[in-house]
Every structure is written in structure tokens, then in C-alpha cells.
Amino acid sequence: MSVQQNNPLRGRLNAWFLAAVDSYVNRLLHAKKSALFADLSGTVVEIGPGVGANLTYLAGAHRVIGIEPNAQMRPILERRAARRGVNLEILPVGAEATGLPEASVDFVVCTLVLCTVGEPRRVLEETRRILKPGGKFLFVEHVEAPHGSMLRRLQRLLRRPWRYVFEGCCLDQDTASLIRAVGFSNCEIDQYRLKSPFVPVNEQIAGVAIV
Ligand SMILES: C[S@@+](CC[C@H](N)C(=O)[O-])C[C@H]1O[C@@H](n2cnc3c(N)ncnc32)[C@H](O)[C@@H]1O
């Protein structure tokens, strides 16, 4: 498995930033996440767990595997997982190629990650590959605002500096279309506008895609 390298400074900055805003963002998203992640069980893979925003929801899983290429996230993630009693295995690779066996996991979850991965389509194909038949991909993602909206204009204005600071994060990606295009048997996607001070990422989707 190849280990992805992050920029040492921005990688650390992002780990620090996530740790700082984590509990606030989780409060904003609690209703969405607790509904979506209510039935997690068996083997669960989390793509890009960062510093552990979703550990609270993973306690019911038998086995949890985190796919996290940013080494700077790791110490905080491990500390928090231990504190919450989540037995987390971390794979320091990109989710484009996890190395996990085909049809081997019950759930794949990710929150605020598909905007940042280098190749979102490959990540989605890999997700479908590792899920068992009937397995579920659960996600919460920020996405492009509707064409012509003020928010969309703001996203386009900020996209380059944002991408640089947040290591590849794309403000105006049409993630819903990407998810629909990879051949899940069923997709339910809810699009909504969050009310938060992080205005550029307030347009979001949450949902489930079933293999
Ligand atoms: C904005 S953070 C979100 C972290 C966490 N999921 C949350 O909700 O707070 C994006 C995460 O995706 C990770 N990431 C970036 N590229 C990735 C890839 N190719 N595969 C898996 N994770 C990736 C980053 O290291 C980071 O932890």
C-alpha cells in the first residue's frame, strides 16, 4: 500500500483546525449524523476520519477501519479513539486504493471528505468494491451551491486559495452526481443549506447509497 504525503505545514494546520472546530461542527451536524449512523454494525470503514469527528457514532461497530493518509491527524485520532473505546485500525493510504478485500465490509462512512480526495470517482468505485452486497455507503458532504446563487459566486471566488489552504478541498464539486454515476443500486440524497459561519461549505448533501 502506498502512503500519501501531505504538506507538513498545511497537514499540521489542518489537523489543528479540525481539532479546534470539531465539537462545534459536530453539534451543527448532530441531527443528520445521528439519523444516518444509527444502525452502524459489523465492519465499518471510515474514509478520512481526520481527528475523529465521527467516533461517537462508531461505538456499535464490531470492527472499525479508518483510511487516513494525513499522518498529522493520527496522534489525535488514536488518542480520541482510545478515549471513546473504539478499536480503530488506521490504514495510512488514500481511499482510491484501500487494499481491502472485495465485498468485505458492511458500511463505508465519510463526512466532508469527497471534496478533498484527489480522485473522488476512484474513491467511490473503491467504496462500492469493498462493500458487501446490500452494504451501505453513508455520507455527509459539502457541495456546489445552485448555479446563479450568491453562494455559488462566493465558492468560485474562493476556490483556489481554499484548495491550497485545505489541501485539495474543492468548494464547488457536484458530489451528488458523482455518487449517482458509480452504479450503486439505490441512492437517497438529501440536499440542504446549513446555517453556519463556514459559509462557503454550507451547501451540503447527506445520504445513503446501497450496493
Ligand atoms: C475536511 S477533513 C474531514 C475530516 C472528518 N471526516 C470530519 O468530518 O471532520 C478531510 C479528511 O480527508 C482526508 N483525506 C484527504 N485525501 C484523502 C484520500 N485520498 N483518502 C482518504 N482520506 C483522505 C484528510 O486527510 C482529512 O482527514
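One-based numbering, in listed order, for ligands and for the atoms of each.
- Under 3.5 Å, the side chains of Asn54 and Thr111 contain a donor-acceptor pair of N or O atoms.
- Checked by atom type, the side-chain pair Asn14/Gln72 shows no donor-acceptor distance below 3.5 Å.
- Nearest to atom 3 (C) of ligand 1 by heavy-atom distance, out of Asp22, Leu112, Val25, Asn26, is Leu112.
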Working note: Asp190 + Lys32, criterion salt bridge (charged side-chain N to carboxylate O under 4.0 Å, His left out); need CA distance, chi angles, decisive distance, verdict. CA-CA 10 Å; Asp190 170 34; Lys32 295 273 173 213; 2.9 Å; yes
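- Contact atoms of ligand 1 toward Ala95: 18 (C), 19 (N), 20 (N), 21 (C) (distance under 4.0 Å to a heavy atom of the residue).
- Of all the atoms in ligand 1, the ones that sit under 4.0 Å from a non-hydrogen atom of Thr111 are 3 (C), 5 (C), 6 (N), 7 (C), 8 (O).
- Near Leu18, with a cut-off below 4.0 Å to any heavy atom, the atoms of ligand 1 are 2 (S), 4 (C), 9 (O).
- Separation of the Phe17 and Phe166 ring centroids falls under the 6.0 Å cut-off.
- Considering both main-chain and side-chain atoms, Val117 never comes within under 3.5 Å of ligand 1 through any nitrogen or oxygen pair.
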Assess the residue pair Ile47 and Val108 against the criterion (side chain to side chain contact (heavy atoms under 4.5 Å, CB included)); give the C-alpha distance rounded to whole Å, side-chain angles, the decisive distance to 0.1 Å, and a yes or no.
CA-CA 7 Å; Ile47 302 173; Val108 175; 3.6 Å; yes
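- In summary, the atoms of ligand 1 found under 4.0 Å from a heavy atom of Gly50, numbered by their order in the structure, are 4 (C), 27 (O).
- With respect to Arg129 and Glu125, no salt bridge is recorded, no charged nitrogen being found less than 4.0 Å from a carboxylate O.
- A donor-acceptor pair under 3.5 Å links the side-chain atoms of Gln155 to the main chain of Ala145, judged by distance alone.
- Atom numbering of ligand 1 starts at 1 in the shown order; those under 4.0 Å from a heavy atom of Ala53 are 7 (C), 8 (O), 9 (O).
- The CG atom of Leu18 sits 8.5 Å away from the CG atom of Leu112 when rounded to the nearest 0.5 Å.
- With a 4.0 Å heavy-atom cut-off, ligand 1 is reached by no atom of Val123.
- The line from CD of Glu167 to OG1 of Thr116 is 9.0 Å long, rounded to the nearest 0.5 Å.
- Residue Asn70 has at least one heavy-atom neighbour below 4.0 Å for each of these atoms of ligand 1: 25 (O).
- Taking only nitrogen or oxygen atoms, main chain and side chain alike, Val113 does not reach within less than 3.5 Å of ligand 1.
- In summary, the atoms of ligand 1 found under 4.0 Å from a heavy atom of Ile67, numbered by their order in the structure, are 21 (C), 22 (N).
- Listed by atom number, the atoms of ligand 1 under 4.0 Å from Pro49 heavy atoms are 5 (C).
- For atom 22 (N) of ligand 1, the nearest non-hydrogen atom from the set Gly52, Pro69, Gly66, Gly168 belongs to Pro69.
- Remark: Leu157 CG to Arg152 CZ distance equals 13.0 Å, nearest 0.5 Å.
- Ligand 1 has a nitrogen or oxygen under 3.5 angstrom from a nitrogen or oxygen of Glu96.
- Looking at Glu68 against ligand 1, only its side chain comes within 4.0 Å, counting heavy atoms.
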